[in-house]
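Notes follow the structure.
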Amino acid sequence: MSYSSIVRAASACIAALVLFVSPTLGDPKPLSKEEQAKVDAAIDKGVAFLKKAQTKNGDFGWKFVDDERWIVGQCALPAYALLESGVPAADPSVQNAAEFLRRPVLLTDSTYDLSLAILFFDRLGDPKDENLIKMCALRLIAGQHRTGGWSYKCPTLNGKNAQDLLKNMNLLAKRMNRGSTTRDAALGGIEITSALQIITVFQRRNQLAWHEPGKTPDDMGREKNSIILDGRSDNSNTQLALLGLWAANRHGIDLLPVFELSVERFERFHVFPNGYWMYNLDFELSAASRKSMTCSGLIALAIGRGLKLRTPGAVDDEKKDVHVLRGFAALSRRIGKPLSDMKHQHVLEDHYFLWSLERVAMLYNMQTIADKDWYKWGAEILVTNQFKYGWWPAPTISKRAIPRDHGDYKPLINSSFALLFLKRSHPMIELTPKLPLTSEKLNEGIARLRSRDTYPNNIPVSVAPSKDASP
């Protein structure tokens, strides 16, 4: 089934669900015609900026770092944003990006690169990219850690190992029978070649280690400089891997066993009493990262609940629902309320968080989170902070970019996240109708938790830069 067919079918299911959800006091008012026009204009300017930033080679001008790391992701993300913003697949900007990506993606071992490439090529819908999508997905499968998560790197696979991995993955998933059998039970009798036995999904539960590798004093010093070790998984890489693998599910790879491990990761390590998840299992990159990592946890729990996965050693279904509610209650504390003002500049938010928030809200079919109109709040921020050249800056404090805390994203990355938010992209659209919790019940549960909430609504305060700046 093509991407467009999946979107149409899932959209119909979501629309049917919405009809049966009674209105609540938290239902937001739609944007006015003037507000919608401003959002549409911001999208058009953002699209124009991305197109202008594209080079004659098909990639884009700004780089996240000065070397060649993430060269695939730096092209796949804006190209994916163009598609989600309504640019046709046949548009030269999209086709040039696809031609550029098909070469370096064959060599990449980066989790971010592989995941974003899958999202782009899945959305592009060109049949000739089927094997490329499978190759990226198989590398992600091989890169899953024994914590159920991912780090920055994944192993490459030769042709024979890739074929064996695909065959055994599909057989294992078939035996799991959509959650009625555990992965351990399904592994019995499957002959795994010695080269693949090290891959996490083929290891028994008693071989797994639900903790990160130990850190040496030198490692600790590197982490203080925000250089995160490849050997330690984190919830940011894991979030992108789950998005990419969910899209790969549409292309002949059954990822049920991989999802089981990732879901258990987030069920086991819902570590903060106030509902947040950390950056990884025993290390917090920054307090600001909690909000994006909480979105990662909510995505994983949606996969678990939607696919009815059994996760031995984790929690029962009732407690899983409590985890979801606690996560949303925590998320609601990091969302402001719209001011019904798209004329004056608002406090700028982290674009990565806004994209994470948007995907979670779309996934759970949440028009509001508690009493917060998340979309209008974010749209006001983005519309009033877009520079006249069509791009978005990084959040700043005292007119200086926050070092290594999503503040050093270049305009290209920020603008891609902003467009995906404004267009309300939904890469997991077919999962939404499978979720057992309606938005009405979720908001009722969030309200109950918030009534006992003693945590402050920590909306970050920043100083907005001049909008006349050129990138």
Side-chain angles (χ1 to χ4, degrees), residues 10-11 13-30 239 242-243 246 259 263 266-267 270 272-277 290-309 311 314-338 353-378 421 424-453 455 457:
S11 297
C13 292
I14 293 172
L17 283 175
V18 171
L19 290 175
F20 288 97
V21 176
S22 60
T24 68
L25 294 176
D27 284 343
K29 294 181 180 179
Q239 177 177 205
L242 289 175
L243 289 173
W246 185 267
F259 291 145
V263 170
F266 287 95
E267 289 175 351
H270 200 290
F272 285 108
N274 55 5
Y276 292 110
W277 279 269
R290 295 178 189 174
K291 53 191 178 181
S292 299
M293 299 306 97
T294 297
C295 294
S296 304
L298 288 169
I299 287 172
L301 296 188
I303 293 173
R305 300 299 280 123
L307 299 184
K308 300 179 180 179
L309 292 177
T311 49
V315 294
D316 58 37
D317 286 348
E318 184 176 350
K319 290 182 180 178
K320 291 175 186 177
D321 291 343
V322 171
H323 279 348
V324 172
L325 290 174
R326 289 173 64 203
F328 269 114
L331 201 56
S332 72
R333 292 191 289 272
R334 306 312 295 265
I335 305 171
K337 290 187 176 182
F353 166 60
L354 289 177
W355 182 47
S356 300
L357 168 66
E358 175 269 331
R359 283 181 288 104
V360 166
M362 295 298 292
L363 176 56
Y364 284 86
N365 194 29
M366 304 281 281
Q367 295 184 60
T368 63
I369 297 177
D371 58 344
K372 307 287 185 66
D373 183 345
W374 62 269
Y375 181 77
K376 189 172 183 179
W377 172 70
F421 178 96
R424 288 185 261 214
S425 67
H426 193 353
M428 306 176 78
I429 192 168
E430 65 271 42
L431 178 58
T432 298
K434 299 178 181 179
L435 298 182
L437 296 171
T438 66
S439 58
E440 183 181 36
K441 293 298 184 184
L442 282 171
N443 275 329
E444 289 174 358
I446 295 167
R448 288 195 299 272
L449 287 177
R450 288 300 306 272
S451 68
R452 304 189 296 270
D453 188 2
Y455 297 96
N457 188 21

Between [Y] and [X], is there a side-chain heavy-atom distance shorter than 4.5 Å?
X      : Y      : value
Ser425 : Trp355 : yes
Lys337 : Asp373 : no
Cys295 : Arg359 : no
Leu331 : Lys372 : no
Ser296 : Phe266 : yes
Met362 : Thr432 : no
Asn365 : Leu435 : no

Nearest-0.5 Å distance, [atom1] of residue [X] to [atom2] of residue [Y]:
X      : Y      : atom1 : atom2 : result
Asp321 : Leu437 : CG    : CG    : 4.5 Å
Phe259 : Leu309 : CZ    : CG    : 9.0 Å
Met428 : Glu430 : CE    : CD    : 8.0 Å
Asn443 : Met366 : CG    : CE    : 4.0 Å
Lys376 : Thr368 : NZ    : OG1   : 13.5 Å

Identify the heavy atoms of [X] and [Y] that sit nearest to each other, and give their distance.
X      : Y      : answer
Val324 : Leu442 : CG1-CD2, 3.7 Å
Ser292 : Gln239 : O-NE2, 4.2 Å
Arg305 : Pro436 : NH2-CG, 3.8 Å
Leu242 : Ala300 : CD1-CB, 4.0 Å
Leu298 : Trp277 : N-CZ3, 4.1 Å
Leu354 : Gly378 : CD2-CA, 4.4 Å

Mind running side chain to side chain contact (heavy atoms under 4.5 Å, CB included) on Arg334 and Thr294 for me, showing each step along the way? CA-CA 11 Å; Arg334 306 312 295 265; Thr294 297; over 6 Å; no
Can you name the residues that form a ring pair (Phe, Tyr, Trp, His ring centres under 6.0 Å) with Phe421, not counting sequence neighbours?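 So Phe421 forms a ring pair (Phe, Tyr, Trp, His ring centres under 6.0 Å) with Trp374, Tyr375.
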Do the side chain of Tyr364 and the main chain of Phe328 share a donor and acceptor less than 3.5 angstrom apart?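 No, Tyr364 side chain to Phe328 backbone: no donor-acceptor pair under 3.5 Å.
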